[in-house]
Amino acid sequence: MFTDEYFMKMALQEAEFALEKEEVPIGCVIVSNNQVIARAHNLTEALNDVTAHAEMQAITSAANFLGGKYLKNCTLYVTLEPCVMCSGALSWSQISKVVIGARDEQRGFINKQLSLHPKTEIITGVMEHECSSMIKTFFKSKR
């Protein structure tokens with residue numbers, strides 16, 4: 001049986017790919033009918049593009065896979081709570097479910113009192129320790 005933890009582990013693998021490239025280690029996958037249709041990680045440094053967040057890359061990839069801009073009946077698994085920019089894109093995509101590993105108290109959309117599409121289900125805290133420790137370790141190494 002596929003669980004939220006199963007797919008979050010894939011998102012963590014993507015975050016590890018980002019870490020290997022010295023990107024902020026955030027990864028995500030988008031799933032439709034228990035099939036991964038998009039995988040992505042941060043590419044802001046590699047592409048020299050502040051919008052190249054893992055979620056933005058995955059949304060574009062999933063839309064291309066599906067042949068349309070809406071991600072209804074899809075779930076996004078992401079290691080860190082989406083920022084305001086990414087939450088706006090997720091809202092416009094009408095994604096059905098967002099599963100978040102670690103919360104981002106400073107830059108995440110939840111504390112900014114923003115919401116996603118009214119029909120989008122949000123789950124937080126899936127593999128939270130693993131997700132938060134990866135990002136904390138990364139930033140400690142940069143200081």
Side-chain angles (χ1 to χ4, degrees), residues 1-139 142:
M1 179 75 185
F2 297 111
T3 63
D4 287 342
E5 289 79 12
Y6 176 83
F7 291 114
M8 188 61 75
K9 285 178 185 173
M10 290 184 183
L12 275 164
Q13 287 176 332
E14 287 296 319
E16 287 176 17
F17 295 147
L19 188 59
E20 290 169 8
K21 298 174 184 175
E22 300 197 21
E23 298 275 359
V24 176
I26 299 171
C28 72
V29 296
I30 297 180
V31 175
S32 177
N33 297 316
N34 287 323
Q35 176 187 358
V36 174
I37 62 169
R39 295 174 165 266
H41 53 271
N42 272 13
L43 291 172
T44 58
E45 299 299 326
L47 299 178
N48 199 28
D49 180 357
V50 296
T51 68
H53 290 191
E55 301 95 322
M56 301 296 279
Q57 301 297 309
I59 290 167
T60 300
S61 181
N64 286 336
F65 179 87
L66 295 172
K69 61 185 177 180
Y70 297 118
L71 303 180
K72 294 177 181 178
N73 302 315
C74 293
T75 301
L76 177 132
Y77 293 86
V78 63
T79 57
L80 185 69
E81 177 184 341
C83 70
V84 172
M85 173 185 68
C86 293
S87 70
L90 287 165
S91 182
W92 285 110
S93 78
Q94 299 182 21
I95 197 155
S96 298
K97 184 175 173 184
V98 174
V99 179
I100 299 167
R103 291 282 313 277
D104 185 346
E105 302 294 335
Q106 291 181 325
R107 295 180 180 248
F109 77 97
I110 295 172
N111 278 2
K112 303 287 187 203
Q113 299 179 336
L114 299 173
S115 57
L116 301 182
H117 189 271
K119 293 183 180 176
T120 301
E121 177 185 359
I122 300 169
I123 296 174
T124 61
V126 175
M127 298 185 70
E128 182 175 9
H129 175 73
E130 295 88 340
C131 293
S132 67
S133 65
M134 182 181 288
I135 199 124
K136 285 177 183 174
T137 301
F138 172 79
F139 282 114
K142 295 293 179 189

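Excluded from the calculations below are hydrogen atoms, water molecules and symmetry mates; all remaining heavy atoms, backbone and side chain alike, are included. FYI, the numbering just counts along the sequence from 1.
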Trace of the side chain to side chain contact (heavy atoms under 4.5 Å, CB included) decision for Ser96 with Cys74: CA-CA 6 Å; Ser96 298; Cys74 293; 5.8 Å; no
Steps toward side chain to side chain contact (heavy atoms under 4.5 Å, CB included) verdict (Thr44, Asp49): CA-CA 5 Å; Thr44 58; Asp49 180 357; 5.9 Å; no
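Under a cut-off of 6.0 angstrom, the local environment of CG in Asn48 is sparse, with at most 12 non-hydrogen atoms contributed by other residues, nucleotides or ligands. Within a 6.0 Å radius of CD in Glu105, more than 12 heavy atoms belonging to other residues, nucleotides or ligands are found.
Counting only heavy atoms from C-beta outward, the side chains of Leu12 and Cys131 approach each other to under 4.5 Å. Taking the side chain as every heavy atom from C-beta outward, Glu16 and Pro25 never approach each other to under 4.5 Å. Side-chain contact between Glu22 and Glu45: absent, with no pair of heavy atoms (C-beta onward) separated by less than 4.5 Å. Counting only heavy atoms from C-beta outward, the side chains of Arg103 and Asn111 approach each other to under 4.5 Å. Looking at heavy atoms from C-beta onward, Glu130 lies out of side-chain contact with Met8 at the 4.5 angstrom threshold. Residues Ile95 and His117 fail the side-chain proximity criterion, which asks for heavy atoms closer than 4.5 Å. Side-chain contact between Ile26 and Ile135 is present, with at least one heavy-atom pair separated by less than 4.5 Å. Two residues are said to be in side-chain contact when any heavy atoms from C-beta on lie closer than 4.5 Å; Lys21 and Leu43 meet this criterion.
Of all heavy-atom pairs spanning Glu23 and Phe138, the tightest one is O-CE1, 3.5 Å. Summarising the geometry of Gln57 relative to His41, their closest heavy-atom pair is CG-O, 4.2 Å, with the distance given to 0.1 Å. Shown here for Ala62 and Leu71, the closest heavy-atom pair between the two residues is CB-CD2, 3.8 Å. Taking every heavy atom of both residues into account, Val31 and Tyr77 meet most closely at CG2-CE1, 3.8 Å. The minimum heavy-atom distance linking Met134 with Ala15 is given by the pair SD-CB, 3.5 Å. Residues Met10 and Val29 approach most closely at CB-CG1, 3.9 Å, considering heavy atoms.
Among the candidates Leu90, Val98, Ile100, the single residue satisfying the side chain to side chain contact (heavy atoms under 4.5 Å, CB included) test with Phe109 is Ile100.
Between the side chain of Ser87 and the main chain of Val84, a donor-acceptor pair closer than 3.5 Å is present. Side-chain atoms of Thr137 come within 3.5 Å of backbone N or O of Ser133 as a donor-acceptor pair. Of the possible polar contacts, one joining the Glu81 side chain to the Asp104 backbone as a donor-acceptor pair under 3.5 Å is found. Proximity of a side-chain donor or acceptor of Lys119 to a complementary backbone N or O of Lys97 within less than 3.5 Å is not detected. A donor-acceptor pair is defined here as one N or O able to donate and one able to accept, closer than 3.5 Å; such a pair exists between the side chain of Asn42 and the backbone of Ala54. Although no hydrogens or angles enter the test, the distance criterion places no donor-acceptor pair under 3.5 Å between the side chain of Glu5 and the main chain of Met127.
Taking Phe139 as the reference, nothing meets the ring pair (Phe, Tyr, Trp, His ring centres under 6.0 Å) condition, with sequence neighbours excluded.
Residue pairs satisfying the salt bridge (Lys or Arg N to Asp or Glu O under 4.0 Å) criterion with at least one member in residues 67-79, sequence neighbours excluded, are absent. Here salt bridge (Lys or Arg N to Asp or Glu O under 4.0 Å) pairs that include residues 27-39, with residues two or more places apart or in two chains, are Glu14-Arg39.
To the nearest 0.5 Å, the span separating CE on Met85 from CZ on Arg107 amounts to 11.0 Å. In this structure, CD1 on Ile59 lies 12.0 Å from CG on Asn64, to the nearest 0.5 angstrom.
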